[in-house]
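Below is one structure, written out as structure tokens, with a few remarks after it.
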Amino acid sequence: MSSLLARDTDNESVPDDSNGNRSLTFSVIVPLGFHRDQAERCLKAWAQNQTYPRNLYEIVVVAPDNFSCRELSRLRSLLAEHDRLLVHPERHDMALVVTGVDAADHEVLFFTESHCWPEPDVLERTAAALRAHPDWAGLNCCSVPVTHNPLSVAEADMYRHDIENATFHDGRQTVLDHCFAVHREPYFRSGDFDADLGHFAEWMLAARLSHLGLTIGYVPEARVHHFYVGRLVDLREFTEDFTRGEMHCLRRSTDDTCLRIFLDAPPEWTLRDNWNRTLAGKMLKMRWRDSQLSGKAPDGHSSRSAGWTALTRWLPAAIAGVIPAWSLALLRAWQKRFDLWKAQLFSRRRHGLHGALLHYVASVIRVRRLFYLRLEQGGIARRSEGRMRVSLPDRGTWNPARDDSLRTAGLHLAEALFGEYFRWSEPAALVELPLPPGSFTILFRWLPVRPPDDPIFLRFYFNECPAPTRCIKIKDYCAEILVTLEVVRPLRLGWVCAAFQSPGNTRLLGVPVSSVSWIPAAVPTEAILPVRTLFESDRISPADVV
């Protein structure tokens with residue numbers, strides 16, 4: 001990489017502009033992976049129509065090895081002598097882009113796509129903006145949609161909404177890889193486009209630039225026209241590729257600070273342990289034992305009703321992991337595809353087709369995320385075991401809304417109330433605490449969200465065994481749980497409570513958990529029931545249990 005950073009055009013061969021400043025030189029990277037029959041128009045606009053001096057920019061075209069030789073010859077004829085046309089065995093645009101960057105010589109890299117074409121003054125305006133803003137690492141140009149059928153219009157509306165939200169509303173920087181210019185040094189310092197992530201690489205590059213405190217500007221006067229093909233198969237292919245890169249990035253970089261700050265983990269990833277067969281089996285075991293303690297469940301329903309609810313909730317995951325959820329998502333995606341087909345045929349209103357397309361794309365994303373978890377189920381289980389085996393310090397706090405380092409089951413996604421983050425649990429849930437041997441006080445806190453007249457009937461479990469009353473003290477929305485660990489094994493802290501019915505909410509709700517803390521116990525260890533005893537005998541009477 002150092003050789004790439006060192007490349008630059010000789011200062012003496014680069015003329016000054018009218019103000020005496022050294023002119024910027026550009027390397028325009030054009031991959032031909034997804035040209036959509038627009039490659040010739042693209043290269044003509046770059047090679048023949050730019051107002052920027054031709055000797056100050058080069059065009060690096062990278063084609064996949066299955067590209068038509070006849071068409072390559074025609075495209076080569078459009079290029080100047082100092083331009084380059086490369087052939088690479090990879091066929092994905094991001095891999096072609098990386099190859100083009102390796103061959104690029106100039107100080108500013110301009111990324112585009114072969115189904116896009118610039119207006120004549122794009123490089124001139126880009127150079128002026130970069131000179132006027134030396135603090136910018138790079139900039140995005142204005143993406144002008146080009147549409148030709150109703151689906152392409154809906155597709156352009158969808159992406160324009162995403163681009164505008166990211167650029168103007170969310171406060172997050174974005175990288176549009178079809179109209180993005182960046183200085184060479186910050187580009188490589190932030191990690192380059194990662195071809196392994198597919199189209200998600202542009203999001204990751206933006207996150208790393210932000211993480212380094214580098215600014216990406218926006219120049220609406222520099223316009224690049226983006227052709228939307230309006231073919232569902234192309235849209236689905238792009239969506240699946242982006243989702244695969246997102247999940248791959250999360251899988252390999254869970255501890256990446258950049259990810260934790262800039263990436264909102266998708267629900268499927270946050271809740272992935274709910275499809276862990278081992279934990280689902282533990283949940284079934286805990287619910288069955290809870291139903292045997294008395295004739296009624298904590299919420300007043302019969303134990304048979306509680307047992308049936310637990311069976312339908314956890315048995316599919318205990319048997320088949322994520323496959324049942326993926327199968328259901330696949331059926332829903334087919335339904336959304338049918339709805340989109342109907343909207344294409346019968347909807348006369350633009351927003352009708354747009355809404356149907358949004359629902360279809362969301363269903364495709366859901367299917368691909370779950371499919372990825374299905375393919376990686378064994379790998380995720382091993383990684384989860386790895387998280388479990390990492391011993392926690394003898395004191396600490398777990399915030400369920402901000403930290404997914406611990407394995408959990410039965411928790412919903414994070415929410416905020418009056419600025420405080422928490423996660424609702426289901427009426428039964430657990431968290432795995434890999435504590436070292438010793439005596440501990442576990443502080444289980446929740447928020448006062450449930451009405452005072454709605455009793456919670458909270459019961460705790462150690463590794464699916466009921467926790468005796470003498471180990472627990474509950475006061476002011478906090479349960480103090482005393483425990484001694486005499487062996488090196490994780491402690492699964494489980495709880496069962498009365499269900500909470502929230503108006504307009506169809507979820508199964510239990511406890512709004514805000515944190516779980518642990519500190520060395522400040523009481524004699526003989527007053528604490530060793531967890532090892534619970535492993536050796538389950539003979540605990542209901543009278544001993546909260």
Q | Stepwise side chain to side chain contact (heavy atoms under 4.5 Å, CB included) test for Val175 and Trp203 | A | CA-CA 6 Å; Val175 165; Trp203 191 99; over 6 Å; no
(Q) Which residues pass the ring pair (Phe, Tyr, Trp, His ring centres under 6.0 Å) test with Tyr187, not counting sequence neighbours? (A) Phe111, Phe193
Q) Is there any salt bridge (charged side-chain N to carboxylate O under 4.0 Å, His left out) pair reaching into residues 316-333, and which pairs are they, with sequence neighbours excluded? A) none
Q: Show the numbers, then the answer: is there a side chain to side chain contact (heavy atoms under 4.5 Å, CB included) between Arg368 and Thr239?
A: CA-CA 9 Å; Arg368 296 311 298 180; Thr239 301; over 6 Å; no
(Q) Against the six-membered ring of Trp334, is Arg337 placed for a cation-pi contact (under 6.0 Å from the centre, within 45° of the normal)? (A) no
Q) If you measure from CG on Leu214 to CD on Glu185, what distance do you get to the nearest 0.5 Å? A) 8.0 Å
Q: Determine, stepwise, if the pair Glu240 / Arg244 fulfils salt bridge (Lys or Arg N to Asp or Glu O under 4.0 Å).
A: CA-CA 6 Å; Glu240 292 177 346; Arg244 183 201 65 82; over 6 Å; no
Q: Give the C-alpha distance, both sets of side-chain angles, the deciding distance and a yes or no for ring pair (Phe, Tyr, Trp, His ring centres under 6.0 Å) between Tyr461 and Trp495.
A: CA-CA 6 Å; Tyr461 287 78; Trp495 60 94; over 10 Å; no
**Q.** Counterpart residues, ring pair (Phe, Tyr, Trp, His ring centres under 6.0 Å), relative to Phe238 (two or more places apart)
**A.** Tyr159, His199
Q | Test item: Arg236 side-chain N/O and Val364 main-chain N/O as donor-acceptor pair under 3.5 Å | A | no
Q. Under the 3.5 angstrom rule, does the side chain of His133 hit a backbone N or O of Asp135 as a donor-acceptor pair?
A. no
(Q) For the aromatic rings, using the six-membered ring if either is Trp, is the centroid distance between Trp424 and Phe500 under 6.0 Å? (A) yes
Q: Please examine the side chains of Pro466 and Asp290, heavy atoms only from C-beta on, and report whether any two atoms are closer than 4.5 Å.
A: no
Q. Within a strict 4.5 Å, meaning less than it, do heavy atoms of the Ser190 and Met204 side chains meet?
A. no
Q.
Going by side-chain hydrogen bond (donor to acceptor under 3.5 Å, both in side chains), name the residues that satisfy it together with Asp194, two or more places apart in sequence or in a different chain.
A. Arg252
(Q) Quick check: do Ile519 and Arg395 have side-chain heavy atoms less than 4.5 Å from each other? (A) yes
Q) Side chain of Ser439, backbone of Ala521: donor and acceptor closer than 3.5 Å? A) no
(Q) Just by distance, no angles: are the side chains of Arg208 and His211 close enough, under 3.5 Å, to form a donor-acceptor pair? (A) no
**Q.** Spacing of Leu411 atom CG and Asp404 atom CG [to the nearest 0.5 Å]
**A.** 11.5 Å
Q | Side-chain heavy-atom pair Arg445, Ser517 within 4.5 angstrom cut-off | A | yes
(Q) Which residues pass the side-chain contact (heavy atoms from CB on, under 4.5 Å) test with Glu480, not counting sequence neighbours? (A) Thr441, Leu443, Lys473
Q: Only counting residues at least two apart or in another chain, list the ones meeting salt bridge (Lys or Arg N to Asp or Glu O under 4.0 Å) with Glu415.
A: Arg507
Q: Enter the distance from Met283:CE to Thr278:OG1 here, rounded to the nearest 0.5 Å.
A: 14.0 Å
Q) Rounded to the nearest 0.5 Å, how far apart are OH of Tyr360 and CG of Leu340? A) 7.5 Å
Q. Sequence neighbours excluded, which residues qualify as side-chain hydrogen bond (donor to acceptor under 3.5 Å, both in side chains) partners of Arg369?
A. Glu246, Glu268
Q.
Using side chain to side chain contact (heavy atoms under 4.5 Å, CB included), reason through Arg277 and Ile319 one step at a time and then give a plain yes or no.
A. CA-CA 7 Å; Arg277 281 174 285 189; Ile319 294 175; over 6 Å; no
Q: Check whether any side-chain heavy atom of Ile472 sits under 4.5 Å from a side-chain heavy atom of Ile474, and report yes or no.
A: yes
Q. With His178, which residues qualify under side-chain contact (heavy atoms from CB on, under 4.5 Å), at least two apart?
A. Glu113, Cys116, Ser143, Leu176, His226
Q) How close do Trp269 and Arg251 get, heavy atom to heavy atom, and via which atoms? A) CH2-CA, 3.5 Å
Q: Kindly give the heavy-atom pair with the smallest separation between Pro436 and Pro393, and that separation in Å.
A: CD-O, 4.2 Å
Q: Report yes if the side chains of Leu406 and Leu392 come closer than 4.5 Å at any heavy-atom pair, otherwise no.
A: yes
Q: To the nearest 0.5 angstrom, please state how far the OG atom of Ser405 sits from the CG atom of Asn399.
A: 10.5 Å
Q) Partners of Glu464 by side-chain contact (heavy atoms from CB on, under 4.5 Å), sequence neighbours excluded? A) Lys282, Lys285, Met286, Arg289, Leu430, Arg492
Q | Considering all heavy atoms, the nearest Ala428-Val496 contact | A | CB-CG2, 4.1 Å
Q: Output the distance between atom CG (Leu435) and atom OG1 (Thr484), rounded to the nearest 0.5 Å.
A: 11.5 Å
Q: Return yes if a side-chain donor-acceptor contact under 3.5 Å exists between Thr397 and Ser515, otherwise no.
A: no
Q: Mind listing the closest non-hydrogen atom pair of Val367 and Ala329 along with its distance?
A: CG2-O, 3.3 Å
Q. Below 6.0 angstrom between ring centroids: does that apply to Trp326 and Phe371?
A. yes
Q.
I'd like to check the salt bridge (Lys or Arg N to Asp or Glu O under 4.0 Å) partners of Asp403; sequence neighbours left out, ordered by chain and number.
A. none
(Q) Treating Asn276 as the side-chain partner and Gly321 as the backbone partner, does any N or O pair qualify as donor plus acceptor under 3.5 Å? (A) no
Could you pull out all donor-acceptor pairs under 3.5 Å where a side-chain atom in residues 416-423 meets a protein atom, sequence neighbours excluded?
from, atom 1, to, atom 2, distance (Å)
Arg423, NE, His412, O, 2.5
Arg423, NH1, Pro400, O, 3.2
Arg423, NH2, His412, O, 3.1

**Q.** Partners meeting salt bridge (Lys or Arg N to Asp or Glu O under 4.0 Å) with Glu202 (sequence neighbours left out)
**A.** none
**Q.** Qualifying residue for side chain to side chain contact (heavy atoms under 4.5 Å, CB included) with Val431, from Leu491, Asp273, Val513, Thr408
**A.** Thr408
Q) If you take all heavy atoms of Val98 and Ala195, which pair is closest and at what distance? A) CG2-CB, 4.2 Å
Q: Can you see which heavy atom on Ile216 is nearest to which on Leu139, and at what distance?
A: CG2-CA, 4.1 Å
Q | His359 atom NE2, neighbour heavy-atom count above 12 within 6.0 Å | A | no
**Q.** Over 12 foreign heavy atoms within 6.0 Å of CH2, Trp398
**A.** yes
Q: Report yes if the side chains of Phe440 and Ile481 come closer than 4.5 Å at any heavy-atom pair, otherwise no.
A: no
Q | Heavy-atom side-chain proximity of Val361 to Met158 below 4.5 angstrom | A | yes
